[in-house]
Protein chains: 2
Amino acid sequence: MNQELQQAQQTFIQGMIRISHFWGFPKAMGAIYGAIYLAPAPLTLDEIVQQVSVTKGAVSTNVRTLERLGMVHKQLQLGDRKDYYIPETDFWKIIRTVLREREKQEFDVALRTVDESLAIVNSQGAAADPEDAALARLYQERMEKMKSFFNMLDNIVATLLALDELRLNTVQRLFGKTTNKES
Amino acid sequence: MNQELQQAQQTFIQGMIRISHFWGFPKAMGAIYGAIYLAPAPLTLDEIVQQVSVTKGAVSTNVRTLERLGMVHKQLQLGDRKDYYIPETDFWKIIRTVLREREKQEFDVALRTVDESLAIVNSQGAAADPEDAALARLYQERMEKMKSFFNMLDNIVATLLALDELRLNTVQRLFGKTTNKES
DNA sequence: TATAACGTTTAGTACAAACTAAACGTAGTA
DNA sequence: TACTACGTTTAGTTTGTACTAAACGTTATA
């Protein structure tokens, strides 16, 4: 591989590291995905180790979560103990998997937590102290408001997840045309 | 404040802590927002310190970023050096501000980084080595693909930011009705 | 059966980021 | 003018987490 290509790859990987870090994922994870994404052929664990400078153990764990998120796929061959990794290049598919695996759970937790607090407020009858009663009403109102917001997010995500690839193409047509930032 | 209300508040704040942490914000930030969100009256810095158990310095810095994200608002009174904080309760407004302040920037950075790598690949003429030439083509193809994806995200975010509150009501009507998870 | 080539697990380390405690600057107040 | 009551800044500490290095288990191969 010549000079420019190597530099382009490294720059790209640096970008992936940054993005990964920003979204709260390990930096190595971004680097690894970058390497696999640009590879002309399926990569083995040791090849990844060589390309990004990270130990085998770290690559092993990171590549596993990448696979869990549907960002890479493992390819196995008979009579060969090596694992070969290829990138998932359909980013909409990735987003859907990540939403399902990671965000969805957390949305549900958020919903449940607010609900739990709300249940505590509701559990008490009319408070003796009128000041407490007013506070209880405020709590109910505010918590209900947040709850319905979370519910809405939940519905939006659920809708996204329900979209099949055909409809995603529609999204792409909707937002893809207006390239307002061409270089 | 009676027992149940206090417990409800604490549970709620715990939830905010968790959510904040999940989204990569400081935990104290979530707690502080939770306290302000449930307060029946504007809170001063020292009152916040008392409600969430965090030192004044931490509250000072966290409340500032909360204000920058449009999640709370500072209220000043003449002849009073104290700062009074009230919550922003319009979550769609918050999302728009956060997108603008935080994610938008990062989307742009991501776009630029990929663009930069692409520029390096394009800078070199046809490679001497045919293998390098093939690799260069792959890089171009893959990087272009990611670039257009980022561009699309950028457009979606831009569209969201352009939505005024009137249209957001439409979103709410669209996704708000189907409450599939009532408790 | 020993050896080499895999991926995984684990114990220890390094680092970034959030927090605490305290000093600080400033503006009202006696 | 000293004193008090604020919010902010800073130096130091803590903590969680991602990483390294190395041991490990397993499977193919000589």
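In what follows, chains carry the letters A, B, and so on, assigned in the order in which the sequence lines appear, proteins first and then strands, with residues in each chain numbered from 1.
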Axis-to-axis angle across the helix from dT1(C)-dA30(D) to dA30(C)-dT1(D), five pairs an end, to 10 degrees? 20°
Output yes when Lys82(B) and Asp46(B) qualify as a salt bridge under the 4.0 Å nitrogen-oxygen rule, no when they do not. no
Pairs: protein N or O with nucleotides 11-15 of chain D N or O, under 3.5 Å:
none

Output yes when a side-chain donor or acceptor of Ser53(A) lies under 3.5 Å from a complementary backbone atom of Val49(A), and no otherwise. no
Reading nucleotides 1-15 of chain C from 5' to 3' and marking B where a protein heavy atom lies under 4.0 Å of the base, S where only the sugar-phosphate is that close, and - otherwise, the string is ----BBBBB------
For Ala133(A), which residues count as a side chain to side chain contact (heavy atoms under 4.5 Å, CB included) partner, sequence neighbours excluded? Ala127(A), Arg137(A)
What does Ser53(A) touch in the nucleic acid at a heavy-atom separation under 4.0 angstrom: a base, only the sugar-phosphate, or nothing? sugar-phosphate
Holding to ring-ring contact (aromatic ring centres under 6.0 Å, His included), I want the full list of residues that pass it with Phe22(B), two or more places apart in sequence or in another chain. none
Applying salt bridge (Lys or Arg N to Asp or Glu O under 4.0 Å), name anything that partners Glu106(B), two or more places apart in sequence or on another chain. Arg18(A)
Sequence neighbours excluded, the answer for salt bridge (Lys or Arg N to Asp or Glu O under 4.0 Å) partners of Asp83(B) is Lys74(B)
Could you identify which residues of residues 21-41 of chain B place a heavy atom less than 4.0 Å from some atom of DNA chain C, listed by residue number, or say none? Pro26(B), Lys27(B), Ala28(B)
Who are the side-chain hydrogen bond (donor to acceptor under 3.5 Å, both in side chains) partners of Gln140(B), not counting sequence neighbours? Asn122(B)
Under the criterion ring pair (Phe, Tyr, Trp, His ring centres under 6.0 Å), I'd like the reasoning laid out for Phe91(B) against Tyr37(B): C-alpha separation, chi angles, the key distance, then a yes or no. CA-CA 12 Å; Phe91(B) 300 117; Tyr37(B) 184 72; 5.8 Å; yes
Between CG of Leu76(B) and P of dG7(D) the distance, given in whole Å, is 10 Å
May I have the step-by-step check of salt bridge (charged side-chain N to carboxylate O under 4.0 Å, His left out) for Asp108(A) and Arg112(A), ending in yes or no? CA-CA 6 Å; Asp108(A) 289 346; Arg112(A) 271 198 298 278; 5.1 Å; no
Tyr85(B): what forms a ring-ring contact (aromatic ring centres under 6.0 Å, His included) with it, not counting sequence neighbours? none
Partner residues of Arg68(B) under the salt bridge (Lys or Arg N to Asp or Glu O under 4.0 Å) criterion, sequence neighbours left out: Glu101(B)
Spacing between Arg18(B) atom CZ and dG16(D) atom C1', to the nearest angstrom: 16 Å
Taking CG from Leu78(B) and C1' from dA27(C), how many angstroms apart are they, rounded to a whole number? 14 Å
Is the backbone N or O of Pro26(B) less than 3.5 Å from a side-chain atom of Ser20(B), with the two atoms forming a donor-acceptor pair by type? yes
Heavy atoms under 4.0 Å, any strand shown: does Asp80(B) hit a base, just sugar-phosphate, or nothing? nothing
Which residues share a side chain to side chain contact (heavy atoms under 4.5 Å, CB included) with Ala39(B), sequence neighbours left out: Leu43(B)
